[in-house]
Amino acid sequence: MKRRVVITGLGAITPIGNTVDEFWEGIKEGRCGIGAITKFDTSDYKVKIAAEVKGFSAKERMDFKAAKRMETFSQYAVVAAKEACEDAGFEIEKEDPYRCGVIIGSGIGSLQQIEKQYTTILQKGPGRVAPLMVPMMISNMAAGNVSIQLGLKGKCTNVVTACATGTNCIGDAFRAIQYDDADVMFAGGTESCICPTGVAGFTALTALTTSEDPKRASIPFDKDRSGFVLGEGAGVVVLEELEHAKARGAKIYAELVGYGSTGDAYHITSPAEDGSGAAKAMELAMEEAGVTPSEVQYINAHGTSTHHNDLFETYAIKRAFGDAAKDLVVNSTKSMIGHLLGAAGAVECVTCVKSIQDGFIHQTIGTKETDEECDLNYAVGAPVEKEIKYAMSNSLGFGGHNAVLLMKKYEG
């Protein structure tokens, strides 16, 4: 018998706010977090814009000495986890620490540390490389640092599935609690790779838009979409076994009721053209939750603003939902905050939870005229206010990784 799992805490660092409240306020206002890249000189780069986190100060949100031994992606994860911990009213001193764990992933880790230390090798020789290069660079250190900072001694892992990372991490943490490996899990994703190597690499792949208009750059499902906008940030949720949450009097935001994960076995960057892999992941999530397509009101789509993703994800939704697809409201948070890579699914999970709580589905900003074959309701032009019982979040990653979460309004 699978145990029931609820969401009791939320944390976020995003291009439109460095707390969940700031982020959600920005979402409701339809704020655009995209602008000119300030982290390095883009004179020689085709891509000039990104969705950077603004005004983040690690020393104001966490232990300064610890922060100095972390790269930015780890700092984001720790700060988001601390916010989620406080939001959940969670006190590790009152828990068995071996029943409380972490699954927080990063798609890339620190490209900046690689750039910096490789430059040191070239200019000063290998003997001058920083001793902490490796522990600052590797992607699992986000989870490791959260475990250390919060005293979580249970399962501590790092799922890396490119753009599906955050969603797979939350899904795997969900499974850990369902099958009694843990009572509480801190789960999500984090990323910070707006740097020369990151921008140059994605540009060479022709994945990024070269638009310089922030309001017409990330335009999911639009007929003029031309690539995604690189973003950064972190999202962390506290997942908890239902009876454990009730016993400590925790507030419950929503119940996590379904998780689907598949592989396309098709192409390293393109989703399967018929949408079959993503559709199956959605079907698996609904099957686990015991719901029919007509019971789901809202999908937070992967919606990257690339031609292939948006078209094939639309096919996938229609394949999974059949006639019920026309009644769904579908949107893309990436229209406001760009693509946070390994953190995207986690921040979008937070968005779904807040949407359920407030009965508010944000518009897909920037998008004006949808592609002829992108023919669903993408909340273009205005947000949608309606009661939401079931919300779904999709994430599709390079390599053919498909991950889907299904959340339900908590009803006791």
Which residues share a salt bridge (Lys or Arg N to Asp or Glu O under 4.0 Å) with [X], sequence neighbours left out:
| X | answer |
| --- | --- |
| Lys94 | Glu91 |
| Glu240 | Arg248 |
| Glu232 | Lys39 |
| Asp180 | Arg3, Arg99 |

N/O donor to acceptor pairs below 3.5 angstrom from side-chain atoms of residues 402-412, sequence neighbours left out:
from: Asn402; atom 1: ND2; to: Thr262; atom 2: OG1; distance (Å): 3.1
from: Asn402; atom 1: ND2; to: Asp264; atom 2: OD1; distance (Å): 2.9

Taking side chain to side chain contact (heavy atoms under 4.5 Å, CB included) as the definition, give me every residue that meets it alongside Lys368, ordered by chain and number, with sequence neighbours left out.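 Only Arg216, Asp222 meet the side chain to side chain contact (heavy atoms under 4.5 Å, CB included) criterion with Lys368.
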For Ala391, all residues meeting side chain to side chain contact (heavy atoms under 4.5 Å, CB included), sequence neighbours excluded: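 Partners of Ala391 under the side chain to side chain contact (heavy atoms under 4.5 Å, CB included) test: Tyr298, Cys352, Ile356, Ile388.
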For Glu287 and Glu283, indicate whether the former's side chain and the latter's backbone hold a donor-acceptor pair under 3.5 Å.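 Judged by distance alone, no pair lies under 3.5 Å.
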N/O donor-acceptor pair under 3.5 Å between Ser305 side chain and Ser218 backbone: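 Checked: no pair found.
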State which residues pass ring pair (Phe, Tyr, Trp, His ring centres under 6.0 Å) with [X]; sequence neighbours excluded, sorted by chain then number.
| X | result |
| --- | --- |
| Tyr118 | none |
| Phe90 | Phe186 |
| Tyr253 | none |

Considering only residues two or more places apart or on different chains, which pairs with a residue in residues 122-139 satisfy side chain to side chain donor-acceptor pair (under 3.5 Å)?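 Every pair satisfying side chain to side chain donor-acceptor pair (under 3.5 Å) with a residue in residues 122-139: Ser139-Asn158.
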Using the side chain to side chain donor-acceptor pair (under 3.5 Å) rule, collect all pairs that involve residues 49-67, keeping only residues at least two apart or in two chains.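 Listed by first then second residue: Thr38-Glu52.
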Under 6.0 Å from the six-membered ring centre of Phe360 and within 45° of its axis: does the NZ or CZ of Lys28 meet both?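 Yes, a cation-pi geometry holds between Lys28 and Phe360.
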Nearest 0.5 Å please: distance from the SG atom of Cys100 over to the NZ atom of Lys153.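 Nearest 0.5 Å value for the SG-NZ distance: 11.0 Å.
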